[in-house]
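A quick note: this is a predicted structure, and the numbers were derived from the prediction, not measured. Within every chain, numbering begins at 1; the chains are lettered A, B, ... in the order of the sequence lines, protein sequences first and strands thereafter.
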Amino acid sequence: MDGLLKVPEVVINIASFLPTTDYLSFQQVNKQVHDSVLQGENDSKYWSLKLTRMGLQMVRSHDTEDSKLLNDNDNEDPIAIFEVYKSFTSQESKKIFAKFYHCYNSFAKKLYNNNLANFFPNSYSNDPLKQIKTLNFIKRYNLSNRNDLKTYSKIDTNFNILREIFINSVLKEMELNYQSNDLVTVARFIKVLLVSNEENNAIEFFKSKADLPPSLTVLPSNDELFLREQPQRGEDSKSTDIINPETLDKLLDPLRDFLNEKIKLADILFQEEFPVILQLVESFIQDVLLDILSNILSNYSGFLKSNDKDSKANYECLPQLYFTFIKKFGTELNDSVNAGSTFRKVAHEFLDLYLEPFVVNYLNQTTRVFESLISSQLVNYDIQFQDKEREQNEKIYNSLKDQTDTTSTNNNDSSNSHSTTIISATTPEAEPKLKTPPQSVHSTNNISDDKLDFLSSFTKIFKFSNNENQKLKQQLQLAYNLNLISNNLQNIKSLISLDLCYKILHETSEKTDEIYRFHTMENLLPLIKLRCQEIFKILITQLNKNHVKPAFEKAIMLLQKYNPNELEQIEIKFDSLSPGNSRVEPLVQFTELINIGDIILQMISIFYKNELIPKKIIDKNKDFLNDVIQSKKNFETSIDDFVAEGLNIGINKLMDEISFVFKTLQLPDDYNPPPPSTNSPIRDIKPTKCAIRVVELLSNHCFLLTGATDKGTIDVYQQEIGERFFNEIVKHLKKSFISTEGAIWLICDLNYFYDFIANKLKQKNVVPYFVGLKSIGQLYIISGKDSKELGKLISDLGKFNGIFTQEEIYEFVQRRSDWVRVRKDVEKVMYGLGIRDCCIM
Amino acid sequence: MSSEDYGYDYDLLFKIVLIGDSGVGKSNLLSRFTKNEFNMDSKSTIGVEFATRTLEIDGKRIKAQIWDTAGQERYRAITSAYYRGAVGALIVYDISKSSSYENCNHWLSELRENADDNVAVGLIGNKSDLAHLRAVPTEESKTFAQENQLLFTETSALNSENVDKAFEELINTIYQKVSKHQMDLADSGVTGNANGASAPNGPTISLTPTPNENKKNSGNNCC
């Protein structure tokens, strides 16, 4: 046996498995072991290993400061010793371990022997915190025994039993103190639990005190919760509530108060030790709020259904819920020491995190809901408009029928008193009409005024109709048709309702704001922008498809149908120069439509600039290919096209009317007066009635667009009128006969036209045409005796500003009343048989 | 048959032509006289423009029908048409532009060639407001006017100076001639138009009903 101890390896190996006391004994087994084997380095190794197992750190040498620490005082405080000795050098390992041994070995021994009574010294008895700390250190100290596994295990097993008993008694004490409302003591025990790494028990305890009374989560009935009639958007602005805010407050306030109470409790129990309140808030959101939210959403769906509304529009109440939640369970939470200074921000983030899927659902649903809302309003307007029109048409017919009845009974009157009877009979008929239809008095007035206007001229027809019943019926039908046209024309401008467009735009703005309110949820920002873009596109598409496009189409159809001559032929004989007749009505009405269209475009542009750009919903620099901009452009183009088409038709009608005036008002004597005689007065030199009327027509139409649309369109429109008017004059001239005496009046008229074009219309491009016309006028003032020079003159194209071809000028000169007489001379000059040729011969 | 029934607002109607170089201010003289307007940047007249103003002389309402012609008209046939039937003419030049004064001779001979022998003529030196730029001495023009039996006034259409006076003098002269001539016509019994002495309230448009046109073809008698 002794031989074994002579082998150092064996001795060291044995020593390494020995508990402390045994090792010390073994060291002294003989001199050799004591002096040469378990000495110095090998001895230090043993102690160092123990210290290392306890979690101390071995260092080569201490910093100069620390080296003095190792004193000879054996009375180390067990609670503090692990703080005092954190590192060691191998030389001092034995001494340091001795200090730990001194502190803890008695506890270890008690545990080893399972002697648990009076385990802690008396001084610890009222301080569970000291006790638990001691326990924690005992466990750590026991780690030094791990080279002797048997001892270690036995101590550890018993330690665990002791600890469990200890924790249980702590929990029991906590409960008792909580019951007796001694929260300070409870807080002390909580700290014990936290020190003992028993957070779960602490949290469990807290949670058990934070159970929500089930009564708080009972939802009010649908009728209490949801507002039956949503306040009119736009009028009572701001309020977009769907849920009765008072009821919602009544539901959520107690929940908020409950949370605030728990925040207070957590602050007392945990202070800033452990962020238990964040856990509580998170699970509150998950378990309570999400439930409430889902239930409200599904209840709202049911509510909508029971009210015959779209049950799939239930997420419309989400914004109100979301922001109320944020307010109640974010902003309105109390400060929490436990959760720290960022508490409310964190709570907000929790809410965002858990509500995000709901917001996404809302974002996905609301564009569809918005589309059907807009669409239904536009379609309803159209239906109402058609109903109103039908109603008016019936009224017109009935009222006209009444007129003919009156006329028939008054057949025998002279035509003069006849017409007055009819007119006076019309007036009382117009009276009740003012009251019956549920529309604005203004528009009714217009219609009845027009009706009166029309009827007064209409009655004059009867002068020719010889009181025959059959004819009266035909006249009635004609009157009805004509009056319908005029009525429908009046209605053109109400085809588009600016009020409705404004309302819809306002709703779009509100919807955009509503969606954009979620922009603080950064995850959702791309989706939010996308949805806002969609809302804008829906606005444009719906406005175009269901309102503007049909309106323009109908207006253009009416324009096309309108035949001014039909009306003129009747009216011309009575009151041809009355200013009321100097307008092509549909063009005037259509211009109003253009004006409205322009206003709508402007409103959309303003909306785009003020809402979408500043909110960065769209970046006009980056997104120029974006379909939002595209659809905006398409809308503008589509209106432009309608405007162009309508104006083109309008100009056609205007030219028809001008042509008609030329044909009917230009008397043959105007430019070819009979030779002066004693009886015929000499006319003053001034424009003819016809020219005055034509210019009146022009000036009534040329400036209709001013202020209604952009300058480019106005220029095109005015130039087109100018050019086509020029062509009308040319046509007219080619049909007139002009004598040398009459030429003065032609020149007067041409000057008058030129004056209008150059000084009123001010379209430079068309002025040269009218300069050319002035030169043409001079062809006629030349005396027939100067026929040869006349020939020279018409060969000089420069004279006519290059506007006309030789052939045209030749055509013009043929309109001279003395053409037969001068022709020979003129042609001689023109075709090279002039004076000079004659000389050569 | 009162004159109102037929819209006559005058007893006599005089045709007066404004001639002279382009840019001397004919149109502005006319607009100053008839409308009391002046247009700083008026464009040159194209063709011919008409304006009227009624004056009262000896209790008679005289309507002056003034033809404002383009200064650069090249065709004799056209100018001849302008002069036809004119009883008065104003030859206008610009006192700050001697060429426009020198051309007055040309205008005068054109007038003499085309218009009635009895036509009353006034010489107008316009733009008298441009005294600091004067290029034509008043005395010279006065002498020229006397030699050719023309009335003479310097005017400014810009500040209205002498405008009314120039027109009124011309119209007065015409009126004197007409009164004398109508007496002659009444004596001889020749009435070429509707407004002989027998109908003193009727309108008159010309001094002599048949202008001497026979003389004018003299230049082209080749064939």
Side-chain angles (χ1 to χ4, degrees), chain A residues 675-687 740-741 743-748 750-752 754-755 758-759 767-768 770-794 796 798-799 801 825 828 833-841, chain B residues 1 3-10 12-13 15 39 42-52 54 63 65-70 73-85 114 191-196 198-199 202-206 209 211 213-214 216-217 219-223:
Chain A
S677 70
T678 13
N679 296 330
S680 67
I682 290 156
R683 269 193 292 151
D684 210 353
I685 298 190
K686 61 179 186 189
T740 315
E741 290 72 34
I744 303 169
W745 286 280
L746 172 66
I747 290 174
C748 243
L750 294 176
N751 283 350
Y752 191 57
Y754 170 86
D755 212 46
N759 301 323
V767 171
F770 291 83
V771 173
L773 281 176
K774 275 190 162 203
S775 316
I776 293 296
Q778 294 178 323
L779 287 179
Y780 305 101
I781 201 172
I782 293 172
S783 161
K785 298 187 181 76
D786 286 329
S787 53
K788 283 171 191 158
E789 206 181 340
L790 182 62
K792 253 200 282 176
L793 196 148
I794 62 175
D796 176 5
K799 172 77 191 166
N801 234 18
D825 287 337
K828 250 190 205 170
L833 299 166
I835 302 142
R836 258 165 267 147
D837 298 332
C838 184
C839 288
I840 293 161
M841 278 165 73
Chain B
M1 198 209 290
S3 60
E4 279 86 33
D5 284 346
Y6 279 81
Y8 298 139
D9 50 357
Y10 57 87
L12 292 163
L13 181 68
K15 174 176 168 182
N39 185 1
S42 63
K43 296 170 196 121
S44 57
T45 305
I46 303 152
V48 59
E49 303 269 356
F50 312 105
T52 57
T54 306
K63 188 164 203 168
Q65 179 192 88
I66 306 157
W67 291 39
D68 173 25
T69 65
E73 183 53 59
R74 288 174 292 130
Y75 283 92
R76 194 198 50 79
I78 293 175
T79 48
S80 152
Y82 293 161
Y83 295 125
R84 187 170 58 216
N114 288 289
T191 47
N193 64 10
N195 316 295
S198 57
T204 301
I205 52 160
S206 66
E213 281 165 328
N214 298 341
K216 287 175 208 159
N217 295 337
N220 299 330
N221 277 346
C222 168
C223 289

Query raised in the report: Is it the backbone or the side chain of Q65(B) that comes under 4.5 Å from a heavy atom of chain A, or both, or neither?
Result: side chain
Query raised in the report: Can you find a pair of side-chain heavy atoms, one from F50(B) and one from D684(A), that are under 4.5 Å apart?
Result: no
Requested in this report: For chain A, find which of A51(B), A77(B), G47(B), A81(B) contributes the most heavy-atom pairs closer than 4.5 angstrom.
Outcome: A77(B)
Report summary line: Ranked by heavy-atom pairs below 4.5 Å to chain B, first place among D755(A), L750(A), T740(A), N751(A) goes to N751(A)
Report summary line: Max heavy-atom pairs within cutoff under 4.5 Å with chain B, candidates V771(A), I744(A), L790(A), L793(A), goes to L793(A)
Query raised in the report: What's the spacing between I78(B) CD1 and S775(A) OG if we round to 0.5 Å?
Result: 8.0 Å
**Report entry** Most contacts with chain B, counted as non-hydrogen pairs under 4.5 angstrom, among A743(A), G777(A), A758(A), C748(A)
**Finding:** C748(A)
Query raised in the report: Between D786(A) and Y75(B), is a side-chain hydrogen bond (donor to acceptor under 3.5 Å, both in side chains) present by the stated rule, with each step listed?
Result: CA-CA 11 Å; D786(A) 286 329; Y75(B) 283 92; over 6 Å; no
Query raised in the report: chain A: which of I46(B), T79(B), T52(B) shares the most heavy-atom pairs with it under 4.5 Å?
Result: I46(B)
**Report entry** Test side-chain contact (heavy atoms from CB on, under 4.5 Å) applied to D825(A) - qualifying residues, sequence neighbours left out
**Finding:** S787(A), K788(A)
Query - Test side-chain contact (heavy atoms from CB on, under 4.5 Å) applied to R84(B) and I781(A), step by step - result: CA-CA 10 Å; R84(B) 187 170 58 216; I781(A) 201 172; 4.0 Å; yes
Requested in this report: Taking the side chain as every heavy atom from C-beta outward, state whether I685(A) and W67(B) have any pair of such atoms under 4.5 Å apart.
Outcome: yes
**Report entry** For the student: nearest non-hydrogen atoms of E49(B) and K774(A), plus distance
**Finding:** OE2-NZ, 2.7 Å
